[in-house]
Amino acid sequence: MKEFMTMCEACNPGEMEFLQAVSEVVESVQPVLDRHPEYRKAKILERMVEPERIIICRVPWVDDKGEVQINRGYRIQINGAIGPYKGGFRFHPSVNMSILKFLAFEQQFKNALTTLPMGGAKGGSNFDPKGKSDNEVMKFCQSFMMEIWRHIGPDTDVPAGDIGVGRREIGYMFGMYKKLKNEFTGVLTGKGREWGGSLIRPEATGYGAVYFASEMLGTRNETMEGKICLVSGSGNVAQFTVEKILELGGKVVTLSDSSGYIYDESGITREKLDYVMQLKNVERGRIKEYADKYRDAVYTPIDPGQDGNPLWNHKAHCAFPSATQNEINGKDASNLVKNGVYVVSEGANMPTTPEGVEIFVDKKVLYGPGKAANAGGVSVSGLEMTQNSMRMSWSREEVDAHLQKIMKSIHRACVDAAMEYGTPGNYVNGANIAGFVKIAEAMLAQGIV
Ligand code: NDP
Ligand code: 2IT
């Protein structure tokens with residue numbers, strides 16, 4: 001493992017997030033490689049850390065003041081062994097090669113777990129949609145798609161949303177793809193329901209993370225009923241995580257954005273959640289305003305440089321990190337355990353640092369890593385692709401039933417793989433191994449490509 005990581009560090013210098021994601025998987029799959037020398041011989045792992053293709057492009061656009069702006073766009077097609085490349089676009093000023101490579105790397109295993117035929121990809125740009133007008137967002141999306149359209153397609157690569165990319169951005173990109181290609185196809189998922197989108201896709205990641213938590217709780221004959229939950233973020237994933245927790249009888253006491261967090265001891269009700277949705281999705285405001293409206297709630301600003309996040313230092317049973325990578329460090333993980341949290345279901349991708357993960361695993365927390373717990377989003381994206389291919393659309397109930405079945409099956413695959421390889425109850429190993437084996441078998445069958 002040491003040798004492998006040294007090689008990886010030399011090939012990907014300074015790519016901290018990517019190396020972090022790789023190192024966790026490499027550790028988990030050692031026993032698989034020991035049992036399957038054919039994977040070693042075919043250099044499966046070495047191939048998995050080398051994207052099949054990376055596209056980097058200039059994205060020029062003109063802002064509302066008439067000034068020329070230039071961003072950098074990316075698409076990383078990491079592994080196409082089990083289906084067309086699939087994964088979201090992230091628009092955020094922090095986007096760089098390391099972040100997108102870690103996300104693409106995780107995505108290939110996540111997609112393998114969904115039971116659906118999807119390869120792994122990720123993309124995006126350092127474009128910051130915050131404070132931009134709709135017109136500026138449209139100009140950027142159109143310029144990005146003017147390059148990316150030639151690299152994607154319904155049977156080639158199907159992008160979707162992630163941080164900073166929702167229905168609005170998908171719409172502008174879809175419009176430009178359709179114009180350039182002169183084809184109406186399911187080339188992107190997360191579309192509006194009037195133009196080929198699947199019902200439940202907006203809800204799917206958050207709902208899925210809560211279904212996954214319910215499955216983990218089920219192993220101890222417990223349910224979400226009455227559970228006090230900490231949720232971070234206040235975007236797409238966080239909002240629908242709260243919605244499902246409320247439906248299942250739990251209570252949510254926190255939400256956040258990159259400026260700070262609110263603690264509402266009396267609980268975020270349906271009415272308060274509707275306010276958050278309006279605030280975040282329509283007015284594009286800050287979570288601080290929640291505490292201005294609901295005076296019992298306490299707002300605490302968060303300094304990005306500070307050690308640890310006080311959001312994770314409240315009494316609760318469950319935590320749903322739903323903002324971004326490395327938002328729970330070792331100190332936060334210790335605080336969570338100290339405060340009684342014994343279920344962590346990751347809506348975000350890699351929100352826990354390796355030190356944090358070690359604490360959760362050590363303390364026998366029911367810890368669902370992102371690539372399993374947040375796979376509901378890409379799963380319903382897969383179902384959107386199916387509906388587009390059939391030129392049909394399914395009802396809410398049908399899609400939700402599929403989603404629940406898929407989350408159960410992912411949970412089962414994690415439990416079984418962890419058991420088979422001698423670490424029962426370890427969902428990190430379970431998810432990494434189950435995802436890895438599926439892709440490895442496909443790669444082995446398809447030869448050295
Ligand atoms: P949104 O853009 O809808 O919301 C992101 C939320 O996280 C916002 O509240 C944002 O605050 C906060 N956030 C983003 N970056 C940071 C940061 N650096 N520090 C602190 N807070 C931050 O994104 P999503 O809800 O779609 O994505 C959230 C997470 O879920 C990401 O990790 C994403 O990769 C993951 N995910 C998303 C899926 C999807 O279907 N959308 C599927 C699977 C995983 P602010 O507004 O201040 O930036
Ligand atoms: O991280 C993820 O799984 C996503 N952002 C969703 C990807 C998708 O193709 O729906």
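Just follow the structure's listing: the first ligand is 1, and inside any ligand the first atom is 1.
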So what's ligand 2 close to, N/O to N/O, under 3.5 Å?
residue: ligand 2; atom: 1 (O); partner: Gln107; partner atom: OE1; Å: 3.3
residue: ligand 2; atom: 1 (O); partner: Lys110; partner atom: NZ; Å: 2.9
residue: ligand 2; atom: 1 (O); partner: Lys122; partner atom: NZ; Å: 3.1
residue: ligand 2; atom: 1 (O); partner: Asn349; partner atom: ND2; Å: 3.0
residue: ligand 2; atom: 3 (O); partner: Gln107; partner atom: OE1; Å: 3.4
residue: ligand 2; atom: 3 (O); partner: Gln107; partner atom: NE2; Å: 3.0
residue: ligand 2; atom: 3 (O); partner: Lys110; partner atom: NZ; Å: 2.8
residue: ligand 2; atom: 5 (N); partner: Lys122; partner atom: NZ; Å: 3.3
residue: ligand 2; atom: 5 (N); partner: Gly161; partner atom: O; Å: 3.0
residue: ligand 2; atom: 5 (N); partner: Asp162; partner atom: OD1; Å: 3.0
residue: ligand 2; atom: 9 (O); partner: Lys86; partner atom: NZ; Å: 2.6
residue: ligand 2; atom: 10 (O); partner: Arg201; partner atom: NH2; Å: 3.0
residue: ligand 2; atom: 10 (O); partner: Ser381; partner atom: OG; Å: 2.5

Lining ligand 1 at under 4.0 Å, by non-hydrogen atom distance, are residues Arg90, His92, Lys110, Lys130, Asp162, Ile163, Gly164, Arg201, Thr205, Gly233, Ser234, Gly235, Asn236, Val237, Ser256, Asp257, Ser258, Arg286, Ser322, Ala323, Thr324, Gly347, Ala348, Asn349, Asn374
Between His411 and Tyr427, is any pair of side-chain heavy atoms under 4.5 Å apart? yes
*asked:* Under a 3.5 Å cutoff, is there a donor and acceptor pairing between the side chains of Glu24 and Asn432?
replied: yes
- Query: Can the positive tip of Lys132 be found less than 6.0 Å from the middle of the six-membered ring of Phe127, inside 45° of the ring normal?
  - Reply: yes
Value for CD (Gln107) from OH (Tyr85), rounded to nearest 0.5 Å, stands at 14.0 Å
When Tyr299, Tyr294, Tyr290 are each screened for side chain to side chain donor-acceptor pair (under 3.5 Å) with Asp264, the one that passes is Tyr290
Check: Does a side chain donor of either Trp61 or Asn71 reach within less than 3.5 Å of an acceptor in the other side chain?
Finding: yes
inquiry  = For the residue pair Lys244 and Tyr207, would you count it as a cation-pi contact if the rule is NZ or CZ under 6.0 angstrom from the ring centre and within 45 degrees of the ring axis?
reply    = yes
Lys371 side chain to Asn349 side chain, donor-acceptor N/O pair below 3.5 angstrom: no
*Looking just at side-chain N and O atoms, do Arg286 and Ser234 make a donor-acceptor pair shorter than 3.5 Å?*
no
